[in-house]
Amino acid sequence: MRNKSFVILLLAFLFIGACTQNKDVSPQAKLVSHLKKQLSFALNQIEPLLQNENDLVAPRTIEEGALRMVPSSDWTSGFFAGELWQMYQITKDTFWRKEAMKYTTLLEQEKFNAKTHDMGFKMFCSYGQGYAITKNPHYRDVLLQSAETLISRFNPKVGCIRSWDHNSDKWDFPVIIDNMMNLELLFWAAKETCDSTYKEIAVSHALKTLQNHFREDYSTFHVVDYDPETGEVEGRTTHQGYSSGSTWARGQAWALYGFTMVYRETNNPVFLEQAENIADFILAHPRLPEDLVPFWDFDAPAIPDEPRDASAATIMASALYELAEYSPNREEYLSAANKIFESLKSDKYLAKQGTNKGFLLLHSTGSKPHDSEVDVPLVYADYYFLESFIRRNNYCNH
Ligand code: GLY
């Protein structure tokens, strides 16, 4: 009898062991374990910096071998907290939730910062995700104030939210394609308050951008400058791209993501068509590399000897996963998104554990014309990589 029990116990043990082992070696589980360790490593790197210089709240990149931390006013400040919320979503481990809450709280003062358009990046990626998960009413208040502050930059004559205040010698009322990303906060605020003003402003901005930011082939200009008195376009140029006539890869990625999201929020088919055309420009481009991780600008002069921009690839992958849900070209977009994701999780782009100061990805480019952040890790590349991972898993679990 005792022998029989022993054999049953042994078999049960072997069975459980085999299941666990299978789970542990699945590529998905291996990647999650890698991400967990790498982000824990990042937290260990950041903690001492928070204690020493308390106006620095989040990591952005590596500069001359050192971690570059930024204050809450930096446009990238919300991505790290956002990544921690994403890790909580992926793992359901309360460790990540506690860390996410800590890094989210450090950004609160930005709700009153009316000096830039970057409110969505800063607050929706952090507080927005936090609110979706926790329903914490304080997060809601912070987000509503942030939306209020953002719309103070709207000019009804132009029909857009002003992007930058800097370089006033160059531009009168600059609107950059990146600004599409900030509209998600406004769509959220409209639903939350039943005040349609936020949505009207977001739709106006998206329509004007559709009208004025694109060339005939659906490539985007980076900056469109408006006359704030008449609303007329004064010029079309670039800031982070190669030239006024070139297509900056991350700009094209913001456009793809932005119009896909605006279609989700409005159901207006003109936005879906725009997103499809933007996607088709990217995917059919003769200078898009085989692994679908673009060079920093589609028209950079020394391609193929130009730096890549993994951040643009992560934004494209995440957007394509969403666009595949709405478009009849579903299979094409899904396959492209999967291909980008596979490239990014290969050894070429995914940092080895315990390296890269805890950043997940290598080979992003911030601003090549300014010789700034070229071929480095960038926090927003990691953020959209994790978002792609979550969106990809949603497909796998359907
Ligand atoms: N929003 C700034 C950038 O994409 O670099």
Side-chain angles (χ1 to χ4, degrees), residues 58-63 68 70-80 82-83 107 110 113 115-126 146 150 153 160-167 170-171 174-185 205 209 213 219-225 237-243 246-259 261 278 282 293-298 300 307-319 359 361 363-385 387:
R60 172 167 167 153
T61 184
I62 300 175
E63 206 168 68
R68 181 178 165 210
V70 291
S72 62
S73 57
D74 190 272
W75 80 272
T76 66
S77 65
F79 292 114
F80 188 66
E83 276 186 74
L107 306 168
E110 291 310 305
N113 183 353
K115 291 190 192 138
T116 88
H117 68 134
D118 288 318
M119 198 62 100
F121 284 123
K122 291 187 280 192
M123 306 308 259
F124 206 64
C125 295
S126 53
S146 303
L150 179 58
R153 297 182 66 80
C160 285
I161 294 164
R162 182 184 177 123
S163 291
W164 294 326
D165 294 348
H166 61 74
N167 286 85
K170 276 198 205 166
W171 304 304
V175 177
I176 64 172
I177 189 66
D178 325 24
N179 204 344
M180 288 294 298
M181 302 296 286
N182 294 307
L183 306 181
E184 197 168 357
L185 170 66
H205 186 103
T209 302
H213 251 86
S219 65
T220 177
F221 291 94
H222 184 199
V223 187
V224 174
D225 189 24
T237 180
T238 195
H239 187 57
Q240 282 154 274
Y242 170 62
S243 70
S246 76
T247 305
W248 175 49
R250 198 164 54 254
Q252 194 71 10
W254 292 139
L256 175 63
Y257 192 115
F259 281 99
M261 174 273 294
I278 296 166
I282 295 168
V293 177
F295 296 99
W296 68 279
D297 190 300
F298 283 95
R308 301 291 187 98
D309 183 10
S311 76
T314 60
I315 298 156
M316 288 171 185
S318 187
F359 290 101
L361 294 175
H363 305 312
S364 289
T365 296
S367 185
K368 178 82 168 34
H370 301 96
D371 202 14
S372 166
E373 301 177 330
V374 178
D375 196 13
V376 291
L378 288 170
V379 66
Y380 43 97
D382 292 1
Y383 174 91
Y384 290 103
F385 179 61
E387 189 178 84

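In each ligand, atom 1 is the first atom listed, and ligand 1 is the first ligand listed. Each residue takes its place number in the sequence, starting with 1.
Taking the six-membered ring for Trp and the full ring otherwise, Trp254 and His213 have centroids separated by 6.0 Å or more. Note: Phe121 and Tyr380 fail the aromatic proximity criterion, with ring centroids not under 6.0 Å apart.
Between His239 and His166, the ring-plane angle classifies as tilted under the 30° and 60° cut-offs.
Across Ser163 and Val175, no two heavy atoms sit closer than the pair OG-CA, 3.5 Å. Smallest separation of non-hydrogen atoms from Thr61 and Pro377: OG1-O, 2.6 Å.
Glu373 pairs by the salt bridge (charged side-chain N to carboxylate O under 4.0 Å, His left out) definition with Arg60, Arg68, not counting sequence neighbours.
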Is there any protein N/O under 3.5 Å from an N/O of ligand 1, and what does the full list of such pairs look like?
residue: ligand 1; atom: 1 (N); partner: Asp178; partner atom: OD2; Å: 2.8
residue: ligand 1; atom: 4 (O); partner: Asp178; partner atom: OD2; Å: 3.3
residue: ligand 1; atom: 4 (O); partner: Arg250; partner atom: NE; Å: 2.9
residue: ligand 1; atom: 4 (O); partner: Arg250; partner atom: NH2; Å: 3.4
residue: ligand 1; atom: 4 (O); partner: Trp254; partner atom: NE1; Å: 2.9
residue: ligand 1; atom: 5 (O); partner: Gln240; partner atom: NE2; Å: 2.7
residue: ligand 1; atom: 5 (O); partner: Arg250; partner atom: NH2; Å: 2.6

